Undergrad: 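Below is a structure I'd like to ask you about.
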Amino acid sequence: MESPMRMRQLLIKTLREAPAEAELPSHRLLLRAGLVVPLAAGLYCFTPLGWRVVRNIERIIREEMNRSGAQEVHLPALHPIELWEQSGRAALMGPTLFRLTDRKEREFALGPTHEEVISYLASRLVQSYRDLPVTLYQVQTKFRDEPRPRGGLIRLREFTMKDAYSFDTSWETLDASYDAAFAAYQRIFRRAGVPVVPVAADSGAIGGKDSQEFVFLTESGEDTILLCPGCGYAANAEKAEFQPVPPLPGEPAPVEKVHTPGKKTIAEVAAFLGVEPRQTLKAVFYKADGRPVFVAIRGDLEVNEVKLKNALGARELEPMDDETVRRLGLVAGSASPVGVTGMPVVADTSATEAVNLVAGANEADFHLRNVNHGRDWQATNVAEIALARAGDACRKCGSALETRRGIEMGHVFKLGTLYAEKLGVYYLDEAGERRPCVMGCYGIGVERMLAAIIEANHDADGIAWPWEVAPFDVHVVVIGTAGDDAVGAALAEFEATAAGAGLDLLVDDRDESPGIKFKDADLLGMPVRVTVSPRALERGGVEVRHRRTGESNIVPVGTAAAAIAAARSEALEAGR
RNA sequence: CGGGGUGUAGCUCAGCCUGGCAGAGCGCCUGGUUUGGGGCCAGGAGGUCCCGCGUUCGAAUCGCGGCACCCCGACCA
């Protein structure tokens, strides 16, 4: 317990208006409440008040990670580049990796994540199956030269991540480590007051097997999530599976070239020829790691670029530029896999399973009817690369999927043995055989969580902190002239009993008008506001007002602290 | 990196089109008044008008170049 913080001392500047560039509610409130001060794109300073919230979030994370059996460690943020070359990710991360050189011209990177370094540590410590399983975690600064930082604390270039890594002897025991981390995450988000849904996710640049994200659903989110109202299936759009509308049945008919003057888009061609979009074949051109790729997909579907990238095993995927299109002789609007040579043709299963499709003729203003895979063209690679959209049928239960926007708060995934093999994390099993550890990794963005807490816990007047993360428990507003003995005595009594009850106080002792103090109290959002004033004392005590509900009562000075502490305990219990 | 926008006092912005003393509100400092929802009065401090070059007698204003920040897309906690 600390002595009360007095606002005369607290270095804080609340703003009546937020800067125009801040658009997200959390960004605006972080600035208005004076919790952060921007330094540069994706970089923020935390003020004393803001830092208290960060520390509270980290406290919850540590408590729950420890409870799950994980052990805290601390790794350097500065990494010898060799480690990253060893894992192959120096190239993979590309310009996102901040690089620097020391005085001896040795190259380093600022860690964007810590699989490499934790693997190094584990390789030095893990020797036997008796050492396993073990989960290590840290709360540490990450550096990523993001192409576009955004949304205040949503995407930063320097941020704090709680990252955990599990080491197991087998995929089976990895399941248990993964489940333990998963359960810890649910407790963490619940306690912090951020509603999240776990969704199936793509494992991204880090690679691996099962992968789930904890997503905070909000319209201002940057990810698209597909949810099934029927069976509860939830997945990131990058990963989401669905059941495309089945193709029209039929027997393969002879190919027929038709004149389609000026018709280029699927909609135009389909309408012109009197067929449905699903009876057409769409051609899309990409460059995968610089090499041209021809993609064929049914006309009513769209390409999921993440799935395509995975199917190709490509590192980078970009739309093919017009010049390359011309050079390769591709006819945009009438392109077709029929007769395409010199580049791989990746086909979605929808394109290979359908019969008698309308495809381009590789000749302007002409299309082909009755094109069939296997007979008329051959895919070099068939995969499911279609993008799930709202209204598509759920793969599991057939219900129409819904889409929502969301922000990724945490990510858990099963890495497998990839890093262990590359970085030498081996153990000896019971038979004395040398085997790679099976790894999992688990991350939470701390600042992003702070932003999400505000997104989920605010109203028109300001922030309404959940008890667990509030910088202070009680905001005491003192009203009355300095020489008012009754107010002074009541304040002293409340402070004394609050200390006994374990409450942290922020006392507004500034020489400001009551209006300013109340506005600031609402903006800063402590769970309870206590007003010590002549008017309240006349009515028999102090005013105790709950920020979240607006519920307000006059409570005798002597019992107010105990009552607040009881409400706090109750709320904390309910939140766990 | 592509598209859009912004850059003037600590904050919100006006002034720019049509070149001519650097402005308002809020905040800050001093004094007074007021004390239950950003109250009132008086006085005051505070400026690289993002930077550079150019046009001009004269540039916040016009032109060219650059930088920074924000928003939308491709990437991630």
Side-chain angles (χ1 to χ4, degrees), chain A residues 13-24 27 31-32 34 37-43 61 92-96 112-114 139-164 185 196 201-206 213-216 220 222-223 236 238 286 305-306 309 315-319 321 407-413 441-452 461-462 477-482 484 487 510-523 529 531-536 538-539 543 545 552:
Chain A
K13 195 71 60 180
T14 58
L15 301 178
R16 198 173 289 227
E17 295 159 292
E21 69 255 20
E23 294 193 351
L24 291 188
H27 190 191
L31 293 168
R32 281 195 57 210
V37 173
L39 174 65
L43 300 174
I61 289 173
L92 193 63
M93 300 289 302
T96 301
T113 173
H114 279 74
V139 179
Q140 231 264 18
T141 307
K142 310 295 184 203
F143 300 87
R144 296 181 185 177
D145 195 357
E146 294 285 350
R148 184 161 91 84
R150 70 169 281 262
L153 298 185
I154 297 295
R155 191 195 273 152
L156 299 169
R157 293 197 295 172
E158 174 179 332
F159 66 100
T160 311
M161 192 199 300
K162 187 290 301 173
D163 48 326
Y185 275 31
V196 293
D202 185 77
S203 45
I206 295 177
E213 290 171 357
F214 288 82
V215 174
F216 168 56
S220 56
E222 45 191 355
D223 290 352
N236 193 304
E238 298 173 346
Y286 286 97
E305 297 186 355
V306 172
K309 199 156 75 170
R315 192 187 297 159
E316 229 176 304
L317 189 73
E318 55 187 337
D321 55 283
I407 300 172
E408 178 184 354
M409 303 301 304
H411 199 161
V412 296
F413 43 96
C441 75
Y442 320 95
I444 292 179
V446 174
E447 291 88 350
R448 183 176 284 186
M449 204 159 140
L450 167 52
D461 295 320
V477 172
V478 183
I479 297 175
T481 50
D484 192 318
V487 168
R510 296 174 301 171
D511 186 22
E512 295 287 356
S513 72
I516 288 178
K517 293 184 177 185
F518 287 137
K519 288 287 186 189
D520 274 347
D522 288 344
L523 175 61
R529 185 186 80 194
T531 305
V532 184
S533 68
R535 183 184 296 185
E538 272 172 34
R539 296 192 199 156
E543 185 207 17
R545 184 170 186 274
S552 171

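All values reported here derive from a predicted model rather than from experimental measurement. Here is the naming used below: chain letters follow the sequence lines, and residue numbers restart at 1 for every chain.
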Undergrad: May I ask which nucleotide in the shown strands pairs with B/rC28, Watson-Crick or G-U wobble, both distances under 3.5 Å?
TA: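 Paired with B/rG44.
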Undergrad: In Watson-Crick or G-U wobble terms, both distances under 3.5 Å, what is the partner of B/rG36?
TA: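 The answer is none; no pair meets the criterion.
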Undergrad: What does nucleotides 66-72 of chain B look like as a protein-contact string, B for base, S for sugar-phosphate only, - for none, at under 4.0 angstrom between heavy atoms?
TA: ---SSBB
Undergrad: Check side-chain contact (heavy atoms from CB on, under 4.5 Å) between A/Asp145 and all other residues, then give those that pass, not counting sequence neighbours.
TA: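 Once residues adjacent in sequence are excluded, the partners of A/Asp145 under the side-chain contact (heavy atoms from CB on, under 4.5 Å) criterion are A/Phe98, A/Arg157.
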Undergrad: Using a 4.0 Å heavy-atom cut-off across all strands, classify A/Glu146 as base, sugar-phosphate, or nothing.
TA: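 Base contact - A/Glu146 has a heavy atom under 4.0 Å of at least one base atom.
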Undergrad: So what's B/rA14 paired with, Watson-Crick or G-U wobble, going by both distances under 3.5 Å?
TA: none
Undergrad: Taking a pair as Watson-Crick or G-U wobble with both distances under 3.5 Å, which nucleotide is matched to B/rC76?
TA: none
Undergrad: For A/Ile407, which contact category applies under a 4.0 Å heavy-atom criterion: base, sugar-phosphate, or nothing?
TA: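 Answer is nothing: A/Ile407 stays at 4.0 Å or more from every strand.
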Undergrad: Taking only side-chain nitrogens and oxygens of A/Arg535, does any of them come within less than 4.0 Å of OP1 or OP2 of B/rG36?
TA: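 Yes, because at least one side-chain N or O of A/Arg535 sits under 4.0 Å from OP1 or OP2 of B/rG36.
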Undergrad: Walk along nucleotides 24-33 of chain B from 5' to 3' and tag each nucleotide B, S or - by protein heavy-atom contact under 4.0 Å, base first, then sugar-phosphate.
TA: --SS------
Undergrad: My understanding is that a pair needs two contacts under 3.5 Å, Watson-Crick or G-U wobble. By that rule, which nucleotide pairs with B/rA22?
TA: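 Paired with B/rA22, as far as the under-3.5 Å criterion goes, is no nucleotide at all.
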Undergrad: Which base sits across from B/rG65 as a Watson-Crick or G-U pair, both distances under 3.5 Å?
TA: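 Because both required distances fall under 3.5 Å, B/rG65 counts as paired with B/rC51.
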Undergrad: With rounding to whole Å, what would you report as the distance between B/rU61 and B/rC16 at their P atoms?
TA: 13 Å
Undergrad: Determine which nucleotide pairs with B/rA60, using a 3.5 Å limit on both distances of a Watson-Crick or G-U wobble pair.
TA: none
